Amino acid sequence: MKDVVAVVVTYNRKKLLLENISCLMNQSCSNLDILIIDNNSTDGTNEDLTPYIQEKKIIYHNTGKNLGGAGGFQRGIKLGAEAGYKYIWVMDDDCMPTETALQTFLDADEKLKGNYGFLSSKVLWKDGNICQMNVQRHPLTKNISDFSADLIPATLASFVSLFFKSEIAFEMGLPIKEFFIWTDDWEYTRRISRKYPCYVVTSSVVIHKSAQNIGAKIDNDTPDRLDRYKLLYRNDAYLYRREGLTGFFYEVTRLCGHTAKVLVKSKDNKIRRIKMIWGGTKEGLDFSPQIEYPMKG
């Protein structure tokens, strides 16, 4: 067993997944095992991975049903921590780490003497610009815009290339599977950054091959995707209600802004979009999922 396990969550994107695996296998640091968490893909992912599984180039785990990104990451981090890996490196299947992405994390770990909660990569989009949906925040409500320093303090980060010691999972718990999608990474990284210093390691670079270089926006998304936004606003309400007055005022301002954008910019389904915003937020006020922990051997 190696020191590091890369936890990759996938669902019906086998072409991107195979590219991701290739990037991981070509890391300059070979002290790495690859754990694929498959949310029960139906596109032939399992069949395409069979040679990798047989040759023991990857560890494959099928969840049996679609647990969402949140459930997939919870399962993968749990398995990695309980297996005894020293470090866990999590990412989506459309994350393409550059050759030295892992080594620079390990170099930062040595430089910091282990005194950190998590490390996060600089995430670029396919055109080489910063990937907008993965911009880290510091402090809580401000996006990081200057990536010139080697180590940049971070408060919130995405699961697109997040690195931490397994002991963090034992101490702080696992991502909340009930989030299903959205905010699971921000909630988890904020849970960690409330106690430990955390950083963006700008020399650890990954490419996020998302379809577009924009974040989720309810005012212009297509009608068939609107129902999922209730989860976004529910999960965000859970996150920011922990932050006291700062979180309250930020959330109220943000919700009013999103509502105004829907009223001004949306071309259809305005009432439905507004119901997602405020209905999801209302659910989030009473949303209290239990934080689970890996079991110690």
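Fair warning: this is a prediction, and the values are worked out from it, not measured in the lab.
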**Asked** Measuring from Y85:OH to S166:OG, what's the distance to the nearest 0.5 Å?
**Response** 10.0 Å
**Request:** May I ask you to check whether H258 and D219 show a side-chain donor-acceptor distance below 3.5 Å?
**Result:** no
**Item:** NZ/NE/NH1/NH2 to OD/OE distance under 4.0 Å, E187 and R190
**Value:** no
**Request:** Please test K86 against M1 for side chain to side chain contact (heavy atoms under 4.5 Å, CB included), starting from the C-alpha separation and ending with a verdict.
**Result:** CA-CA 10 Å; K86 184 177 181 180; M1 187 174 70; over 6 Å; no
**Request:** For the pair K14 and D48, find out whether any cationic side-chain nitrogen is under 4.0 Å from an anionic carboxylate oxygen.
**Result:** yes
**Asked** Between R273 and D268, is the closest basic N to carboxylate O distance under 4.0 Å?
**Response** yes
**Message:** Please say yes or no: joined through hydrophobic side-chain contacts below 4.5 Å, possibly via intermediate residues, are V90 and I34 part of one cluster?
**Reply:** no
**Prompt:** Would you call the rings of W182 and Y229 parallel, tilted or perpendicular if under 30° counts as parallel and over 60° as perpendicular?
**Reply:** tilted
**Item:** Donor-acceptor contact present, side-chain K165 to main-chain Y116, <3.5 Å
**Value:** yes
**Request:** Please tell me if the side chains of R254 and D236 come closer than 4.5 Å, counting only heavy atoms from C-beta onward.
**Result:** yes
**Request:** May I ask you to say whether K209 pairs ionically with E19, meaning some side-chain N is under 4.0 Å from a carboxylate O?
**Result:** yes
**Prompt:** Is the count of non-hydrogen atoms from other residues, nucleotides or ligands lying under 6.0 Å from Y293 atom OH greater than 12?
**Reply:** yes
**Message:** Are the side chains of S121 and P97 in contact, using a 4.5 Å heavy-atom criterion?
**Reply:** no
**Request:** Starting at NZ of K122, measure out to CD1 of I152 and round the result to the nearest 0.5 Å.
**Result:** 8.5 Å
**Message:** Please tell me whether F159 and F118 form a close aromatic pair, meaning their ring centres lie under 6.0 Å apart.
**Reply:** no
**Asked** Is it the case that S158 and D185 place a side-chain donor and acceptor less than 3.5 Å from each other?
**Response** no
**Prompt:** What do the steps show when you test I21 against I36 for side chain to side chain contact (heavy atoms under 4.5 Å, CB included), and what is the final call?
**Reply:** CA-CA 9 Å; I21 291 172; I36 305 300; 4.0 Å; yes
**Prompt:** Do the side chains of I58 and V8 get nearer than 4.5 Å, heavy atoms only?
**Reply:** no
**W89 CH2 to L119 CG distance, which is reported to the nearest 0.5 Å** = 12.0 Å
**Request:** State, yes or no, whether a side-chain contact exists between D94 and N20 at a heavy-atom distance under 4.5 Å.
**Result:** no
**Asked** Quick one: which of T10, L79, L67, N62 gives a side-chain contact (heavy atoms from CB on, under 4.5 Å) with I37?
**Response** L79
**Item:** Joint hydrophobic cluster, V205 plus V135, side-chain heavy atoms closer than 4.5 Å
**Value:** yes
**Item:** Heavy atoms of other groups near K2 NZ, more than 12 under 6.0 Å
**Value:** yes
**Gap between atom OG1 of T189 and atom CG of L156 - 0.5 Å precision** = 5.0 Å
**Request:** Answer whether the closest heavy-atom distance between the side chains of I77 and F164 falls below 4.5 Å.
**Result:** yes
**Check: Q74 side chain, I176 main-chain N or O, donor-acceptor pair, under 3.5 Å** = no
**Prompt:** Is the side chain of S22 donor-acceptor paired with the backbone N or O of L18 at a distance under 3.5 Å, no angle test?
**Reply:** no
**Prompt:** Taking atom types as modelled and ignoring hydrogens, do the side chains of S28 and Q103 form a donor-acceptor contact shorter than 3.5 angstrom?
**Reply:** no
**Request:** Report yes or no: does D38 contribute a side-chain atom to a donor-acceptor pair with the main-chain N or O of S41 at less than 3.5 Å?
**Result:** yes
**Request:** Report the distance from atom NE2 of H138 to atom OG of S120, rounding to the nearest 0.5 Å.
**Result:** 13.5 Å
**Message:** So F287 and N235, do their side chains get closer than 4.5 Å, heavy atoms only?
**Reply:** yes
**Request:** Give, for atom CG of D93 and atom CG of L16, the distance between the pair rounded to the nearest 0.5 Å.
**Result:** 6.0 Å
**Request:** Indicate yes or no: at least one non-hydrogen side-chain atom of T50 is less than 4.5 angstrom from one of Y60.
**Result:** no
**Message:** Within a 6.0 Å radius of atom NZ on K261, are there more than 12 heavy atoms belonging to other residues, nucleotides or ligands?
**Reply:** no
**Item:** Single hit among T104, T100, L106 for side-chain contact (heavy atoms from CB on, under 4.5 Å) with L102
**Value:** L106
**Message:** Between N213 and C131, does the side chain to side chain contact (heavy atoms under 4.5 Å, CB included) criterion hold? Intermediate values first, please.
**Reply:** CA-CA 6 Å; N213 190 14; C131 191; 3.8 Å; yes
**Message:** Any salt bridge linking R194 with E243? Criterion: basic side-chain nitrogen under 4.0 Å from a carboxylate oxygen.
**Reply:** yes
**Message:** Is any side-chain heavy atom of R242 closer than 4.5 Å to one of L239?
**Reply:** yes
**Asked** Between T63 and N39, is a side-chain hydrogen bond (donor to acceptor under 3.5 Å, both in side chains) present by the stated rule, with each step listed?
**Response** CA-CA 5 Å; T63 60; N39 265 327; 3.3 Å; yes
**Message:** Check this for me: does any side-chain nitrogen of one of R13 and D92 sit under 4.0 Å from a carboxylate oxygen of the other?
**Reply:** no
**Chi angles and distances behind the side chain to side chain contact (heavy atoms under 4.5 Å, CB included) call for I214, M133** = CA-CA 6 Å; I214 57 174; M133 71 174 64; 5.8 Å; no
**Asked** Where do F163 and Y199 land on the ring pair (Phe, Tyr, Trp, His ring centres under 6.0 Å) test, with the steps shown first?
**Response** CA-CA 10 Å; F163 180 93; Y199 302 93; over 10 Å; no
**Item:** E178-Y238 side chain donor-acceptor pair, cut-off 3.5 Å
**Value:** no
**Item:** side-chain contact (heavy atoms from CB on, under 4.5 Å), paired with V123, selected from V160, V200, I130
**Value:** V160
**Request:** Using the salt bridge (Lys or Arg N to Asp or Glu O under 4.0 Å) rule, take E171 and K195 through it: C-alpha gap first, then chi angles, then the decisive distance, then the call.
**Result:** CA-CA 11 Å; E171 179 185 358; K195 184 169 183 179; 2.4 Å; yes
